[in-house]
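To start, the structure itself, in structure tokens.
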Amino acid sequence: MGIITTMKFMAISTTMKARKALSKVIATGALHDSYERFPPPKCHPRTRRKIIDLIISWIEDEASSTDILWLYGPAGAGKSAIMQSIAEFYRLAEDRLAASFFFSKGKPGRDDERLLFATIAYQLALHIPGLREYVNRAMLLDPALHTKDVHAQLQALIVEPLQRLTVPLPPIYLVIIDGLDECQSLESHRRVLNLIAGFLANSGVRFRFLITSRFEVHIRNTFNLPHLDHRTRRLSLDSSLNPDRDIRIYLQEEFDKIAELNSDLIPPTAKPWPPTEVLDRLVEKSSGHFIYPATVIKFVGADRYDPKKQLDIVLSPAGTPPSSPTLNTNVDSLYTQILHTCPYPDNLARILSLLLILHCPQPPEVYADLLGIQKSDVTVTLRGLHSLVKMPDDEEDYYERHKFSNRFEYDQTRGLRLHHATFIDYLLDSNRCPKHFVVDLDAAHFELVKAGSQLMKHWIYVPWSYENKLPPLCHETWGYLKHHLGIHLSRCQSTTRATIVEELSPLRVIFPPKRPHNDKIWNDSFQGLHSMLTALAEAALSDSGHLEPQLLNPANFQSEHSHWTKETPNLSSASGNNALNEDIKHLFTEYRTLLDKLYQSALSSSKEVLELLNQLPGLIDRETPVLFDWLENICGHGANELSLAVERNQKFIYQWDTSYWTQVLAAGQGHVSTDVVWINPHFSAFLRDPDRAGTWYWDPKVRHLLDLCQIIKMIFRPAWVKGTKEPGALEYLDRILKACLDSIGVDSLGAAVQYHNDKMKLLDVMTSITYDVPCLNEAPVRNVDLIWSATRRILDWVYRQISSKMDRNVKHALVKISNHIYRQILEIGTSSQASLTSFLTKKERAGPLYLPASVYHTQMAEICLDRCNPHVSDLTKDWKIVASHTEWRFHLTRASPSPKILEQLRTMPLGPWLAEGLPSSERAAKARSIDAILEWLKKVGQKQPEIQTSVIRQRWEEDLARFQQFKRRRIVSFRSDSDVTVTYSEISSATSSHFLDLAYD
């Protein structure tokens, strides 16, 4: 049963891992209800009814010969809004929407075909009953499936799982793919369409694919291919659908809302506002597309502006239009008018240039840092451009942090964003955009890399200067420079890249620096060095083609880009095929050498950080942050004391506020505080590298031994056991204990003096383990559970060590530890909440270690009866036999019948075991035992008559009758506990039968 429990737990755990693995490699921002797209574009009420009705009619027509509908039209025609409305209708009204994917050019993950089918598969698994199991299985069989080509993904994650389904499916499932033309390459457009056609032809499941794109020639030609042409219906967003009527409705209703919100400026007597002829003019300038009126409404309705004056700007001429106006003419004219309202054109041009090349939205502080201006300069410059650029505000940011911090979209919503993709096209086209605002992407990448490099070098060398005129950079800026600067460098032209690499060469400095190590300026200096090293490493890997773009994995950039996430890439995979790559790797080595010197200098001046790490077990090996409250909770530090110690050592250990990690680490535990702590990966790598750290090297073997000693001494202290602890803190401690025990062995440390001393120290600590029963009875149940979990892990570890070849004295010490722990366990009353029985038989306490009470008592009865059999056990040589004599009846009366127990009761000879640990002359005790056996057999016969107990009952009835006539007394002498010697084979048997048969993690 223990094995079955383990297998079930492993199956559940494995399924969760597979689902989690898939969720990390999908584009969550591409879903129709993703907050990254909030608020999503959707059709205004009472508009677009004709085109929406046509699409719904096609979806619900089961007799239709087509299963793909291609809706096409130019940018700004409203395709995404229509798709959003369709998606919401079928998810809410009929729950027929199986999946959606909204492509978006330049948005990480949402412009990459490699995430399309994984994202669709994830949604199908959630929506189609029974499919999740097969999708999870595919991820388990090949965890790297998301890195394969899209055909392999489609086959393994969608086609094959659907083929394995046995449950009946609804008539039609709908899949929406919006903005296919915004996927990265032309070839990807063709490939996706061809794969969808093949899937529909061979899947055997009724799907309808609703696909939108611009009317690009290569997409049209692909749809014209025979295998796509016959199954595709085409709809064009043109004038035949009467878009002018919908635009007029939209404009009038939105202008009415603006007038109502600004009643002090537009009194009711001024209505209709705007006049009909103005509305006619705006409808005409829209050219049948919604992007123009949507932009007009945003501009006119901007906060803190007079809507009448804003509308006058829209209507004022901005140059001589061509004789035949087009959509671009009208939209460009509007964009130009809005840009010319800004009183700071130079700052605006630089901000827009940066906005177009940043890989993910950033707050104004990042723009200020990179452009060398104040945050207020950024906000004031953009104040009148909210119709083009979405600005975060404090209230919205607070809302997003608290509501969405447990989702990866947060980094995609906080920061400056453009409202319309057509504005990007406008800024990149010198024929449409005023010269002053045209963006040169190559030049923009170069300026960003140059500015970032100068900032990092400034802060690296500031300790050697008495002057510093720059304010500290914000955390988001450091995070962006670390993880993105290398990619920007790879996108610069070769000549400018060489210039940047030359400027990055480190300066020659003399130790010691001018600033003392307790100066707070060192925190910024180390930030600069850490950022420089991460950026250079990623630049080398990106240039060699070995770095999978981190932009596709939102998990790398949780809340403020996590500051230190994945800071130490492995440069061994970077190819040295080009000189520039070698130059970058050389720079990396030079800056790392400087970092090592600074570490050694700082550690020589103060050992506080090492002493702090010694008090925080497991922190140096963590790949993710730890909740601050956990460390304070389990290590006994006061919150202020620990916080101050971390603050003094920010260059090595960092504490910051992040709701994301709180959700990940303490989900469902009602955790309030959001502070986490993490050791800098650069510093951790330094300490674990003997060539770099020298005398400061932290040997992982010794580290795990010391952590183990500290944890064992700590959790068995009565004062610690009685204290209230958070569930997450106890789980964290249990994981560290398991990791330490799994990674060390007394025979693997070698015979060196330092290893021998630490090894003996660990054995001494284990020998001193004491179970304070009154304390355990008073302690919180979760704390007691940790004690028993630790006990099981330690006994398992002892058993594994004894199984290997080792020094005789060490083996004797391990035997002593086992005996010492077992004696105390068996002395604890079974009815106490502190007992092992109470722990293992309560599911809410034992978790994966849980055994149903009947199963536990059955196993224990079998074990005790084995020990009681005088043919196989010697009462005078094994102290565990006495314990079995006292416990067998307690377990038997609660046990379920098993073939082994029935066989034991059939063949077991009479003996001192019937006296239940009392002198063997206690006939009354023996009689009670036989009566208990007969009563148990009677109940078994009544509840399970198919089990034959009559022969066994007859045997014990005869034995009872003979026993009552037996008058002779017999005395059994015992050896003292101090004389007891338990051999390896006996410990092996006890450990494997008593503990190791129980399933645990």
Side-chain angles (χ1 to χ4, degrees), residues 347 350-351 353-355 357-382 389-398 400-402 405 410-417 447-460 462 468-488 520-535 550 556-567 625 646-647 650-651 653-661 674-678 680 682:
N347 277 350
R350 298 176 68 200
I351 292 170
S353 177
L354 199 56
L355 199 153
I357 62 170
L358 291 181
H359 297 141
C360 48
Q362 297 297 318
E365 293 90 337
V366 174
Y367 288 80
D369 286 341
L370 295 175
L371 297 176
I373 58 179
Q374 299 295 318
K375 175 190 174 184
S376 58
D377 294 333
V378 178
T379 54
V380 169
T381 299
L382 297 175
V389 181
K390 185 180 187 302
M391 290 282 292
D393 57 55
D394 293 339
E395 183 177 349
E396 180 184 53
D397 186 45
Y398 178 87
E400 289 179 358
R401 276 183 179 276
H402 286 75
S405 58
Y410 176 72
D411 274 336
Q412 303 297 327
T413 58
R414 183 172 184 262
L416 306 181
R417 287 170 287 161
E447 291 298 328
L448 187 152
V449 174
K450 183 179 178 180
S453 302
Q454 290 174 347
L455 284 172
M456 290 189 293
K457 286 191 71 172
H458 168 83
W459 288 107
I460 288 171
V462 76
N468 172 46
K469 297 181 180 180
L470 293 181
L473 303 185
C474 69
H475 298 307
E476 290 91 344
T477 302
W478 285 123
Y480 193 86
L481 291 177
K482 291 171 187 177
H483 300 296
H484 297 261
L485 193 72
I487 301 175
H488 286 291
K520 288 187 177 181
I521 202 71
W522 277 101
N523 296 330
D524 297 300
S525 180
F526 275 95
Q527 278 274 37
L529 258 174
H530 297 150
S531 299
M532 180 70 80
L533 282 169
T534 303
Q550 295 195 45
N556 291 345
F557 304 118
Q558 299 96 349
S559 185
E560 298 176 355
H561 303 293
S562 293
H563 316 302
W564 291 338
T565 303
K566 298 187 181 298
E567 280 208 8
V646 171
E647 184 179 356
Q650 280 187 36
K651 45 190 172 288
I653 305 175
Y654 193 67
Q655 175 184 350
W656 80 96
D657 175 19
T658 165
S659 297
Y660 171 82
W661 279 113
T674 56
D675 276 16
V676 296
V677 176
W678 202 4
N680 188 293
H682 287 292

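None of these values were measured; they are calculated from a predicted model.
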For this session: Determine, stepwise, if the pair K457 / M532 fulfils side chain to side chain contact (heavy atoms under 4.5 Å, CB included).
Result: CA-CA 8 Å; K457 286 191 71 172; M532 180 70 80; 3.8 Å; yes
Problem set entry | side-chain contact (heavy atoms from CB on, under 4.5 Å) involving E647 - partner list, sequence neighbours excluded | K520, L644, Q650
Exercise. With side chains defined as the heavy atoms from C-beta onward, is the minimum distance between T534 and L481 less than 4.5 Å?
Worked result: no
Exercise. Quick one: does T477's side chain get under 4.5 Å of Q362's, heavy atoms only?
Worked result: no
Exercise. Should we count CD of Q454 as having more than 12 external heavy atoms under 6.0 Å?
Worked result: yes
Exercise. Can you list the residues that meet the side-chain contact (heavy atoms from CB on, under 4.5 Å) rule with S453, with sequence neighbours excluded?
Worked result: V449, L485, I500, L504
Problem set entry | All side chain to side chain donor-acceptor pair (under 3.5 Å) counterparts of T381, not counting sequence neighbours | none
For this session: Run the numbers on L448 and L358 for side chain to side chain contact (heavy atoms under 4.5 Å, CB included), then give the verdict.
Result: CA-CA 9 Å; L448 187 152; L358 291 181; 3.6 Å; yes
Exercise. Atom CD1 of I460 and atom CD of Q527: how far apart are they, to the nearest 0.5 Å?
Worked result: 11.0 Å
Exercise. Taking the side chain from D675 and the backbone from Q655, do they hold a donor-acceptor pair closer than 3.5 Å?
Worked result: no
For this session: Classify the ring geometry between Y480 and H359 as parallel (under 30°), tilted (30 to 60°) or perpendicular (over 60°).
Result: tilted
For this session: Just jot down the side-chain contact (heavy atoms from CB on, under 4.5 Å) partners of L355, sequence neighbours excluded, or say none.
Result: Y367, V389, L416, L418
